[in-house]
Engineer: 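Take a look at this one; I'll ask things after.
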Amino acid sequence: MTGNISRRNVLRGAGVAVLGATVAGWATGCSSVAVGGPASGAASNLLETAKSQGFLRVGIANEPPYTQVSADGNVTGCEPDVLRAVCKRLGIDDVQGIVTPYESMIPGLNANRWDVIAAGLFMKQSRCGQVLYSEPVIVSTESFATPKGNPKGITTVANVLADKSLRIAVLPGGFEEGVLQSANVPASQQVKINDGRSGLEALKANRADAFMLPTLSLQALAKDDASFDISKPVDDAPRTGSGAAFRNADAAFHEAYNKELAAFKKTPEFATILTKWGFDATVVEGVTAEELCKTAG
Ligand code: 6CS
């Protein structure tokens, strides 16, 4: 099956097999493609490269509503949809999604496996020191998924710290893991899981007492699984947000992107995209990357 870029084929990152089709001119098979950003060390002209090849390679997670890969390989979700709209304003026809775990996103970006991250990779000091974030597209909150009725009363990180028997499922390298680590929650209380569904499985199997994930991600999971409750936003977890993340070498692209993003944010389409995915576009008004990059962790 020969796909075309406009169908936004999806490749799996980190060397996993190609999920999409053979894309004209690209090697396929089990290696992630090497096409795309300029060779490492070369002066970066990512914008011209992306315009000439017709797409930008984006690292995503497939965690609705932040990112979503449909059955036929279409890459959507709040952040890829905003990225695609701004790329079109820059003269880049489309985005090519590569699914990868959160912990691999920045290493993969800096290894030139993809050219940008648009996945709801929340801004915090340690990440902002490794990449160039665009101005934020979303600001969001964290919640706990718990068994019905929240039998152990887990609503804050302080609750977890106060009871050493509590076990919290988190994604390795994810923002929630960082929140627990910053609060000195011991590793013995952290249950590492790979994605939303395995977090819910950990609850059902009593391997965890709660599962920490962004509030909207848990609400998306609840549409297909009514077995758990979702806490109110965790008031002792930092509120932060995210936008596209670029390599430091791609500062020219980052500057051009931010300029177009600022203009796009003033159009009705920006609010339409955010609302479609359950975000409130007014929450991010006036919020800056500089401010969110002060988030501890
Ligand atoms: O930024 C992160 O690491 C977190 N972001 C999202 C959208 N989901 C979980 C992940 O840990």
Side-chain angles (χ1 to χ4, degrees), residues 13-14 58-69 75-83 97-109 114 116-131 133-134 136-145 157 168-183 185 190-200 202-203 208 210-222 230-231 233-234 237-246 273-274 277-280 283-284 287 289 292-297:
V58 57
I60 57 173
N62 195 13
E63 181 186 309
Y66 296 86
T67 55
Q68 181 169 301
V69 179
V75 173
T76 61
C78 186
E79 292 225 18
D81 282 359
V82 171
L83 175 76
I98 301 169
V99 177
T100 193
Y102 290 99
E103 63 184 336
S104 305
M105 288 181 182
I106 290 177
L109 176 71
W114 37 89
V116 62
I117 301 164
L121 190 75
F122 297 145
M123 295 182 197
K124 60 179 183 178
Q125 291 167 13
S126 59
R127 289 172 173 173
C128 294
Q130 300 176 71
V131 297
Y133 271 102
S134 73
V137 164
I138 56 102
V139 172
S140 60
T141 58
E142 298 288 339
S143 286
F144 289 111
V157 176
I168 311 299
V170 289
L171 296 168
F175 183 78
E176 299 74 29
E177 180 192 59
V179 170
L180 297 185
Q181 288 171 343
S182 297
V185 172
Q190 300 178 33
V191 176
K192 301 303 163 74
I193 45 91
N194 294 325
D195 56 26
R197 295 204 183 291
S198 54
L200 298 180
L203 285 185
F211 169 32
M212 191 175 189
L213 205 67
T215 309
L216 287 177
S217 300
L218 291 174
Q219 290 172 353
L221 288 168
I230 302 172
S231 75
V234 179
R239 270 173 68 85
T240 183
S242 58
F246 298 94
I273 290 173
L274 265 70
W277 294 103
F279 293 90
D280 177 349
V283 173
V284 76
V287 179
L292 297 182
C293 280
K294 290 175 182 162
T295 301

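Atoms within a ligand are numbered from 1 in the order they appear, just like the ligands themselves.
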Engineer: Check each atom of ligand 1 against the heavy atoms of L121 and keep those under 4.0 Å away; list them by number with element.
Structural biologist: 1 (O)
Engineer: Identify each donor-acceptor pair in which a side-chain atom of residues 61-69 lies under 3.5 Å from a protein atom, sequence neighbours left out, and give them as a table.
Structural biologist:
from : atom 1 : to   : atom 2 : distance (Å)
N62  : OD1    : V69  : N      : 2.9
E63  : OE1    : Y102 : OH     : 2.8
E63  : OE2    : S217 : OG     : 2.5
Y66  : OH     : S140 : OG     : 2.8
T67  : OG1    : N62  : N      : 2.8
T67  : OG1    : E63  : N      : 2.9

Engineer: What atoms of ligand 1 come within less than 4.0 Å of a heavy atom belonging to G174?
Structural biologist: 3 (O), 11 (O)
Engineer: Do any N or O atoms from the side chain of S182 and from the backbone of G297 form a donor-acceptor pair under 3.5 angstrom?
Structural biologist: no
Engineer: Find all atoms of ligand 1 within a distance of less than 4.0 Å from any non-hydrogen atom belonging to L171, and give their numbers and elements.
Structural biologist: 9 (C), 11 (O)
Engineer: How far is atom 8 (N) of ligand 1 from its nearest protein heavy atom, and which residue and atom is that?
Structural biologist: E63 OE2, 2.8 Å
Engineer: Check each heavy atom of Y66 against ligand 1 and say whether those closer than 4.0 Å belong to the side chain, the backbone, both or neither.
Structural biologist: side chain
Engineer: Between S143 (side chain only) and I230 (backbone N and O only), is there a donor and an acceptor less than 3.5 Å apart?
Structural biologist: no
Engineer: Ligand 1 versus Y102, non-hydrogen atoms closer than 4.0 Å: side chain, backbone, both, neither?
Structural biologist: side chain
Engineer: Could you list which atoms of ligand 1 come closer than 4.0 Å to a heavy atom of P214?
Structural biologist: 6 (C), 8 (N), 9 (C)
Engineer: For atom 7 (C) of ligand 1, what is the closest protein heavy atom, and at what distance to 0.1 Å?
Structural biologist: G120 O, 3.3 Å
Engineer: Please work out which of R127, M105, E103, M212 has its closest non-hydrogen atom nearest to atom 3 (O) of ligand 1.
Structural biologist: R127
Engineer: Look at atom 10 (C) of ligand 1 and say which protein heavy atom is nearest, naming residue and atom and giving the distance to 0.1 Å.
Structural biologist: E176 OE1, 3.6 Å
Engineer: Name all residues meeting the salt bridge (Lys or Arg N to Asp or Glu O under 4.0 Å) criterion together with R239; count only those two or more places apart in sequence or in a different chain, and write none if there are none.
Structural biologist: none
Engineer: Got a donor-acceptor contact below 3.5 angstrom from the E79 side chain to the V137 backbone?
Structural biologist: no
